[in-house]
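Any value given below was found using the heavy atoms of this structure, including those in side chains, with hydrogens, waters and symmetry copies removed. Fair warning: this is a prediction, and the values are worked out from it, not measured in the lab. Letters A, B, ... mirror the listed sequences (proteins, then strands); counts begin at 1.
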Number of protein chains: 2
Amino acid sequence: MREELAAFRDFLRRRGLKCTSQRMRVAERVLQRRDHFSAEAVMDDLRRGGEAHASKATVYRTLVLLEECRLLDSQDFGDGFRSYEPAWGVQHHDHLVCLSCRRIIEFTDHDIERSQERVANSHGFRVTSHIHRIFGYCSDCQDSTHEARQRNSRS
Amino acid sequence: MREELAAFRDFLRRRGLKCTSQRMRVAERVLQRRDHFSAEAVMDDLRRGGEAHASKATVYRTLVLLEECRLLDSQDFGDGFRSYEPAWGVQHHDHLVCLSCRRIIEFTDHDIERSQERVANSHGFRVTSHIHRIFGYCSDCQDSTHEARQRNSRS
DNA sequence: ATTCGTGCAAATATTTTGCAATTTT
DNA sequence: AAAATTGCAAAATATTTGCACGAAT
């Protein structure tokens with residue numbers, strides 16, 4: 001994480017932006033996470049940290065910067081909020097999204113990646129990226145009248 | 001479309017709901033479409049139709065009903081609005097999206113579908129639907145580096 | 001000193017909802 | 001007449017933005 005923070009500092013410097021305490025505080029919290037999280041969760045982290053927290057606006061603005069410097073990836077899974085995940089030496093993966101508890105399971109499948117290339121080639125299409133999300137119910141949520149587990153914003 | 005409208009009428013009757021002119025007007029417009037569309041687009045259709053239009057609230061409420069009676073499918077692709085598509089004897093397909101000319105090529109690939117099931121099973125996950133969009137450049141746009149690349153591309 | 005950043009509140013944008021008036025059955 | 005529906009405006013939700021004040025370079 002030292003490395004990531006340094007990378008963020010460099011990025012700011014290169015862009016002529018300033019290393020403020022708020023930015024670094026947000027970055028620290030964000031770069032500690034390994035899972036998918038929301039902007040709200042970052043604010044909770046800060047609040048829980050007890051320290052002087054950054055404002056909502058600053059959190060959002062800093063998340064944009066972290067994404068621009070490729071320390072963070074974000075996607076909108078259509079849950080009503082944007083979902084962020086670390087992007088530091090993380091290999092490409094796609095997602096299984098549980099419609100009940102909103103859990104997100106990552107997967108990488110070479111067969112799919114290969115088939116994808118084949119399909120694209122057959123249409124003379126050159127791929128630059130893709131989105132592949134599989135929706136359904138995870139093993140914990142398949143039977144009975146499951147309660148939504150709301151496991152999204154916890155660390 | 002006659003058939004779909006009749007199905008909608010039956011659905012309303014079975015539920016003890018009323019066949020109002022607004023509902024039928026919205027249903028007519030909606031069921032004419034074949035592509036992906038937004039709630040806003042439905043309202044545009046109505047306005048363009050010149051006829052007395054249904055209110056925004058009624059459009060949204062009717063879309064919910066059409067989905068419940070399985071004449072319509074909807075997904076949130078995370079573009080800022082919910083996307084609807086017909087669900088009347090339409091077979092599943094995915095999309096290649098050209099970042100240059102915005103052309104959309106539909107494809108169906110059984111290998112991918114099968115691999116997808118395999119991946120899901122290996123996580124004890126029960127699939128209900130998926131989104132698979134491949135971004136890149138179509139055969140016509142491969143060398144036009146100058147074309148506008150308006151949108152970001154994530155994988 | 002200059003340039004940039006922060007925090008607040010207000011603005012967006014899409015979809016939902018409360019409620020009084022109106023329509024369908 | 002009873003029950004359901006409409007349309008309006010206001011609410012809900014997540015994110016963005018304008019602006020005056022404050023901080024980093």
Q: Of B:Gly16 and B:Val59, whose nearest nucleotide on DNA chain D comes first from the 5' end?
A: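 Mapping each residue to its closest nucleotide by heavy atoms, the 5'-most match is B:Gly16.
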Q: Rounding to a whole Å, what distance do you find between B:Asp76:CG and C:dT14:C1'?
A: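 Taking atom C1' of C:dT14 as the reference, CG of B:Asp76 is at 10 Å.
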Q: Between atom CZ in A:Arg13 and atom C1' in C:dT3, what is the gap in whole Å?
A: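 Between C1' of C:dT3 and CZ of A:Arg13: 16 Å.
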Q: Output the rounded distance in Å from OH (B:Tyr60) to C1' (D:dA10).
A: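 Taking OH of B:Tyr60 and C1' of D:dA10, I get 16 Å after rounding.
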Q: Just the rounded figure in Å: distance from P of C:dT6 to CE of A:Met43.
A: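 It is 15 Å, rounded to the nearest whole Å.
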Q: Using the side chain to side chain contact (heavy atoms under 4.5 Å, CB included) criterion, which residues pair with B:Glu106? Sequence neighbours excluded.
A: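 For B:Glu106, the residues satisfying side chain to side chain contact (heavy atoms under 4.5 Å, CB included) (neighbours in sequence not counted) are B:His93, B:His95.
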Q: Nearest whole angstrom, please: distance from the P of D:dT25 to the CZ of A:Arg15.
A: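 My rounded result for the distance is 16 Å.
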Q: Whether B:Arg82 contacts C:dT15 is assessed here as follows: a side-chain N or O lying under 4.0 Å from the phosphate OP1 or OP2. Is that the case?
A: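 Result: no.
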Q: With side chains defined as the heavy atoms from C-beta onward, is the minimum distance between A:Arg133 and A:Gln75 less than 4.5 Å?
A: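 In short, these two side chains touch, coming nearer than 4.5 Å.
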Q: Establish whether the base of D:dA3 is bridged to the side chain of B:Lys18 by a donor-acceptor pair shorter than 3.5 Å.
A: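 In this structure, the two groups form a donor-acceptor pair.
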Q: At under 4.0 Å between heavy atoms, what does B:Arg61 touch on the DNA or RNA strands: base, sugar-phosphate, or nothing?
A: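 If one applies the 4.0 Å heavy-atom cut-off, B:Arg61 turns out to touch a base.
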Q: Report the residue (B:Leu12 or B:Ala57) whose heavy-atom-nearest nucleotide on DNA chain D is the more 5′ of the two.
A: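 Nearer the 5' end of the strand: B:Leu12.
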Q: Considering only heavy atoms from C-beta outward, does the side chain of A:Val64 approach that of A:Arg61 to under 4.5 Å?
A: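 Heavy-atom side-chain distance check fails, nothing below 4.5 Å.
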Q: Is there a side-chain polar atom (N or O) of A:Thr20 under 4.0 Å from OP1 or OP2 of C:dC4?
A: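 No.
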Q: Can a side chain N or O of B:Gln22 be found less than 4.0 Å away from OP1 or OP2 on C:dT23?
A: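 For B:Gln22, the contact criterion (side-chain N or O under 4.0 Å from OP1 or OP2 of C:dT23) is not met.
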Q: C:dG5 P sits how many Å from A:Phe8 CZ, rounded?
A: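 Those two atoms, CZ and P, are 10 Å apart.
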Q: To the side chain of B:Ser55, which of C:dG7, C:dC4, D:dG7 is closest?
A: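 Output: D:dG7.
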Q: Going by atom types only, do B:Ser74 and B:Glu67 share a side-chain donor-acceptor pair under 3.5 Å?
A: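 Yes - a donor-acceptor pair under 3.5 Å links their side chains.
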Q: Can you work out whether B:Leu17 or B:Val64 has the more 5'-proximal nearest nucleotide on DNA chain C?
A: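 Here B:Val64 is the residue nearer the 5' end.
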Q: A:Lys56 has an atom NZ; how far is it from atom P of D:dT16, in whole Å?
A: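 Answer to the nearest Å: 12 Å.
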Q: Is there a side-chain contact between B:Thr58 and the phosphate of D:dG7, meaning an N or O under 4.0 Å from OP1 or OP2?
A: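 Yes, because at least one side-chain N or O of B:Thr58 sits under 4.0 Å from OP1 or OP2 of D:dG7.
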Q: Atom CG of B:Leu63 and atom C1' of D:dT5: how far apart are they, to the nearest Å?
A: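 Atom-to-atom, B:Leu63 to D:dT5, this comes out as 16 Å.
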Q: Whether the side chain of A:Thr58 engages the backbone of A:Ala54 through a donor-acceptor N/O pair (distance < 3.5 Å, no angle test) should be reported.
A: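 Side chain of A:Thr58 to backbone of A:Ala54: no pair is present.
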